[in-house]
Q: 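Have a look at this one before I ask anything.
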Amino acid sequence: MCSVFGEPLLYFFYGGAYYRPLEGVTRNASELPVAFLFEPTILTKITHLYPFDTGALASGRLGATGDRLKPNIKSFQVSGSDVQAPARLVHYLFGNNEKYIYGQLNPDTQTKPSPLPELYELMSQDLTAIGTDHRQCCIECQTSDPIDFGQNLAWLAFPEAEFETFVKLYRTRTAPRMPSYYAYRSHVVGNPREITYDIHQKAVEFIRPYVKGI
Amino acid sequence: MNHFLLIGHDCPFGAYPAPVVPVGKLDGKLVAVYAGAQNATVSEIAADSHFVVHSPRINEQLNEFSYERQRLFAYSADEVVSYATSEEREFLARVLDDSLLRIEDPFMRLALAKGTRDASVTLRELQACAKNLNLSASELIPDWYQRELESAANAGVDIKALPSDPATLLESAGVVSQKTREIIASLIRSVGGTNVVTRPDLPFDLYFEETDQYGKLWRTAVELELHMPVESAIQGLENIRQAYKKIVDRTWLVFNGKLSSRAAKMAAKHDIHLLKLDDLRQQAESMNSFHCLFIDAPQTTVRLRPWLQLNPRSRYDLIRVFPAVEHEPLAGVTLFAREYVGEILNAAENPTRRILTFDLLGAEADFPRWRENPLREVRLRANAAYAEAFGRKFPGELPGAIRVLIVNPGRITKEGASNLRSYLLHHLELGLGVGIMVGDVATRIADFARQYENICEHSHRLAYFEPYDFHDSPLVHHLWRNTALTAGTILLNQRVSFVLEKEHDIDRVFQKLQIPKSPRRKGR
């Protein structure tokens with residue numbers, strides 16, 4: 001159940017792997033991050049998009065601008081019925097996918113009609129002091145429909161010691177299709193934030209060949 | 001220096017033994033301590049976070065724990081040890097060697113092994129993982145191993161000491177190589193699994209389908225486990241079998257070495273059919289011991305070929321039935337001669353194994369006519385041509401064409417015996433091997449011939465020299481298998497009851513079989 005919208009929702013980020021340390025669904029003292037990248041085909045199942053991490057906004061982690069926009073959060077909602085919607089958001093806010101991946105905003109956005117200048121302001125804040133990372137520049141996709149791993153999972157990252165779990169996932173969900181993967185080292189338990197940064201880099205490497213032509 | 005009070009740990013792997021995250025109080029805040037490449041990193045966690053609170057005993061044991069210089073490893077929630085970060089490599093090596101508190105998960109072991117940076121330790125665990133994957137998802141191995149080599153190199157392991165490719169890794173782990181897999185696939189084809197293939201989408205080494213004589217399709221998965229103890233192999237296979245039971249009806253396990261009664265019971269319990277490699281090889285050798293097998297029956301001549309002589313992908317032409325009855329004077333002979341003789345003469349160009357013929361035409365009523373029967377002479381002359389070619393290629397061997405006469409001694413008259421004697425002599429004159437077979441095996445061959453004739457009578461495909469596809473008629477598939485197996489056993493084990501090499505052997509055999517005495521022909 002989503003605490004922000006009060007309904008059962010699945011969340012995805014468009015084009016990246018991001019760490020959400022305080023919005024986890026467990027109360028475990030430590031975590032080993034796992035990331036999934038899905039094929040663009042799941043865009044057909046996305047019901048809504050937001051040009052920011054709604055969880056971060058709701059928890060006040062998107063700075064003063066975020067706090068100002070928070071009461072009108074639903075006004076930033078974009079219908080997901082159009083599979084081109086995220087591409088259009090990327091176009092207006094960043095210019096192209098590559099710039100979106102690296103969080104490079106399009107300055108022209110400031111002179112565009114509302115709410116694009118507000119979003120520019122939100123995304124261009126320096127929030128490193130409060131521990132907010134790249135999530136202020138990511139597009140959130142939501143759906144209430146279940147997503148099938150078998151047809152849609154393109155890539156995943158997990159601790160290498162959990163390879164048996166990956167094999168199980170492959171055999172029970174995705175076979176004969178084998179998703180690509182990144183198994184990070186886990187002879188010790190590293191900091192999830194550092195691991196996620198590493199995962200994000202690997203995810204970007206994976207999607208880079210697809211990014212340029214879009 | 002900030003004071004850290006260790007109060008517990010969290011195990012994000014969800015299972016022990018495993019590296020764990022120290023949880024404690026630092027400057028009054030609840031924190032989790034993560035391992036870093038250089039230094040530990042501390043992360044504040046919620047006050048109501050879930051973690052294992054250490055017992056007073058563990059607290060006592062770890063009261064000197066330094067979050068900056070040490071790390072934790074837990075064998076269980078209540079069995080936690082610390083080690084110095086500077087001695088991590090040695091510690092992990094000891095953990096992996098610990099047989100009492102053994103870590104079972106091969107991939108956890110591999111993760112720890114890379115942490116030792118020791119190539120031999122890493123290789124040992126890579127082999128264990130490769131074996132595991134070979135059982136569960138062998139198609140993942142090539143990609144997995146490539147990534148593991150990169151990972152090992154990044155971890156500081158000398159990868160020059162590791163196998164450079166997955167095939168070599170598997171070989172070093174004693175896992176069946178592709179070549180061995182192909183050889184065993186050929187053996188299984190030889191003994192009747194004619195359409196055996198590898199299926200990348202299935203976690204089994206081989207797969208084939210066959211329809212039984214009642215028309216039921218059996219989908220059979222074959223797992224090759226030539227180096228692992230059978231019991232362990234069955235345990236590993238059982239999980240996969242359960243996962244794929246909707247698309248696999250039968251599971252075979254080809255093994256090597258000894259079979260314990262416990263393993264046999266386990267296999268029976270899990271409905272896994274055990275097949276010893278030596279037995280499979282022996283059976284295949286037996287069924288491939290002849291170049292062609294003919295059964296001369298009253299209405300037809302059946303020709304069987306063993307699988308290995310054919311294109312491995314072909315299931316055709318393992319069997320043909322030549323109608324050997326003269327529907328019209330001479331027409332039958334012409335047609336028969338063209339096809340039958342043509343096949344044998346083609347084979348004579350490059351003889352490999354013997355031609356074996358079971359002659360069921362030995363009824364006492366027939367022998368009087370053998371000289372006048374042109375089909376008989378056609379058969380004998382063709383066989384003689386092959387035997388001559390075989391003798392040239394393999395001098396000193398037994399005759400390359402052996403004909404075994406199936407007789408019923410109790411029904412042979414004196415006149416029939418006389419004709420049988422002359423018929424046998426004629427074989428010897430032509431340089432053919434000849435034998436007489438009586439008893440159960442002879443009855444079985446006769447029964448096979450009757451079945452072929454019955455099928456021929458009711459099948460359009462089997463008649464008039466058309467190649468035969470086993471998918472059309474599973475019954476004939478079974479018949480082919482049984483016939484080839486019986487013939488191979490006879491040929492290899494020399495179980496032909498009485499082999500005749502010289503004229504005086506005939507009298508000895510006649511006497512033993514109580515065939516009525518017949519006067520010797522003058523001049524013999």
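Nothing here was measured: the structure is a model prediction, and the numbers come from that model. Residue numbers begin at 1 in each chain, while the letters A, B, ... track the order of the sequences.
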Q: What's the separation between atom CG in B:Asp97 and atom CZ in B:Arg102, rounded to the nearest 0.5 Å?
A: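 The CZ atom of B:Arg102 is 9.5 Å from CG of B:Asp97, to the nearest 0.5 Å.
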
Q: Against chain A, work out which of B:Leu140, B:Val21, B:Ile45, B:Asn154 has the most heavy-atom pairs shorter than 4.5 Å and name it.
A: B:Leu140

Q: Kindly check if the number of other-residue, nucleotide or ligand heavy atoms within 6.0 Å of CZ (A:Arg173) is above 12?
A: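 Atom CZ in A:Arg173 is not packed in, count stays at 12 or less.
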
Q: Going by heavy atoms in the side chains, are A:Leu169 and A:Leu156 under 4.5 Å from each other?
A: yes

Q: Taking non-hydrogen atoms and a cut-off under 4.5 angstrom, which of residues 37-47 of chain A neighbour chain B?
A: none

Q: With under 30° as parallel and over 60° as perpendicular, where do the rings of A:Tyr100 and A:Tyr14 fit, or are they tilted in between?
A: tilted

Q: Given that the side chain runs from C-beta out, which part of A:Arg171 has a heavy atom under 4.5 Å from chain B: side chain, backbone, both or neither?
A: both

Q: Is it the backbone or the side chain of A:Phe158 that comes under 4.5 Å from a heavy atom of chain B, or both, or neither?
A: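 Neither part, no heavy atoms under 4.5 Å.
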
Q: Can you say whether B:Ala113 sits under 4.5 Å from chain A via the side chain, the backbone, both, or neither, judging by heavy atoms?
A: neither

Q: Under 4.5 Å from any heavy atom of chain A, what part of B:Leu133 do you find: side chain, backbone, both or neither?
A: side chain

Q: Between A:Glu140 and A:Gln142, does a side-chain hydrogen bond (donor to acceptor under 3.5 Å, both in side chains) hold up when you go through it step by step?
A: CA-CA 7 Å; A:Glu140 181 180 288; A:Gln142 301 177 354; 2.8 Å; yes

Q: Which one, B:Ser136, B:Ala32, B:Ala137, leads in non-hydrogen pairs under 4.5 Å with chain A?
A: B:Ser136

Q: Measure centre to centre between the rings of A:Tyr50 and A:Phe76, then say whether the value is under 6.0 Å.
A: no

Q: So do the side chains of B:Leu30 and B:Glu44 get within less than 4.5 Å of each other, counting heavy atoms only?
A: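 They are not in side-chain contact.
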
Q: Are A:Phe163 and A:Tyr181 close enough that their ring centres sit under 6.0 Å apart?
A: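 Yes: the rings meet the under 6.0 Å criterion.
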
Q: Could you check whether A:Lys168 pairs with A:Glu162 (Lys NZ or Arg NE/NH1/NH2 to Asp/Glu carboxylate O, under 4.0 Å)?
A: no

Q: For B:Glu238 and B:Gln242, does a side-chain donor sit closer than 3.5 Å to a side-chain acceptor?
A: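 Side-chain D/A pair, B:Glu238 to B:Gln242: present.
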
Q: Could you tell me which of B:Thr41, B:Val31, B:Asp201 has the largest number of non-hydrogen atom pairs under 4.5 Å with chain A?
A: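 When all of B:Thr41, B:Val31, B:Asp201 are compared, B:Thr41 has the most.
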
Q: Just verifying a value: how many Å separate A:Ser144 OG and A:Leu10 CG, rounded to the nearest 0.5 Å?
A: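 These two atoms lie 8.5 Å from each other.
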
Q: Is it true that the side chains of A:Asp198 and A:Tyr182 contain a donor and an acceptor less than 3.5 Å apart?
A: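 There is such a pair between these side chains.
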
Q: Let me know if B:Leu110 has heavy atoms under 4.5 Å from chain A in its side chain, its backbone, both or neither.
A: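 Contact with chain A is absent: no heavy atom of B:Leu110 under 4.5 Å.
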
Q: Are A:Glu160 and B:Lys114 close enough for a salt bridge, meaning some N to O gap below 4.0 Å?
A: yes

Q: Tell me which of these, B:His50, B:Arg109, B:His9, has more heavy-atom pairs under 4.5 Å with chain A than the rest.
A: B:His50

Q: With a 4.5 angstrom heavy-atom cut-off, which part of A:Thr172 approaches chain B: side chain, backbone, both or neither?
A: neither

Q: Just so I understand: if I count every heavy-atom pair under 4.5 Å between each of B:Pro203, B:Ala46, B:Cys11, B:Ser49 and chain A, which residue has the most?
A: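 Most heavy-atom pairs under 4.5 Å with chain A: B:Ser49.
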
Q: Determine whether B:Tyr244 and B:Leu202 make a side-chain contact, defined as any pair of heavy atoms from C-beta on separated by less than 4.5 Å.
A: yes

Q: Under 4.5 Å, heavy atom to heavy atom, which residues of residues 73-90 of chain B contact chain A?
A: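 Listed by number: B:Tyr83, B:Glu88.
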
Q: One thing to verify: whether B:Asp143 and B:Arg147 come together as a salt bridge, which I'm taking to mean a side-chain N less than 4.0 angstrom from a carboxylate O.
A: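 Judged by the 4.0 Å cut-off on N to carboxylate O distance, B:Arg147 and B:Asp143 do form a salt bridge.
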
Q: Check each atom of B:Asp48 against the heavy atoms of chain A and say whether the ones under 4.5 Å are side chain, backbone, both or neither.
A: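 For B:Asp48, the contact with chain A is made by backbone and side chain together.
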
Q: Who wins among B:Asn132, B:Leu92, B:Val23 for the most heavy-atom pairs under 4.5 Å with chain A?
A: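 The residue among B:Asn132, B:Leu92, B:Val23 with the greatest pair count is B:Asn132.
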
Q: Decide side-chain contact (heavy atoms from CB on, under 4.5 Å) for B:Asp205 and B:Val222; before the verdict, give the C-alpha distance in whole Å, the side-chain angles of both, and the deciding distance to 0.1 Å.
A: CA-CA 6 Å; B:Asp205 288 314; B:Val222 185; 5.9 Å; no

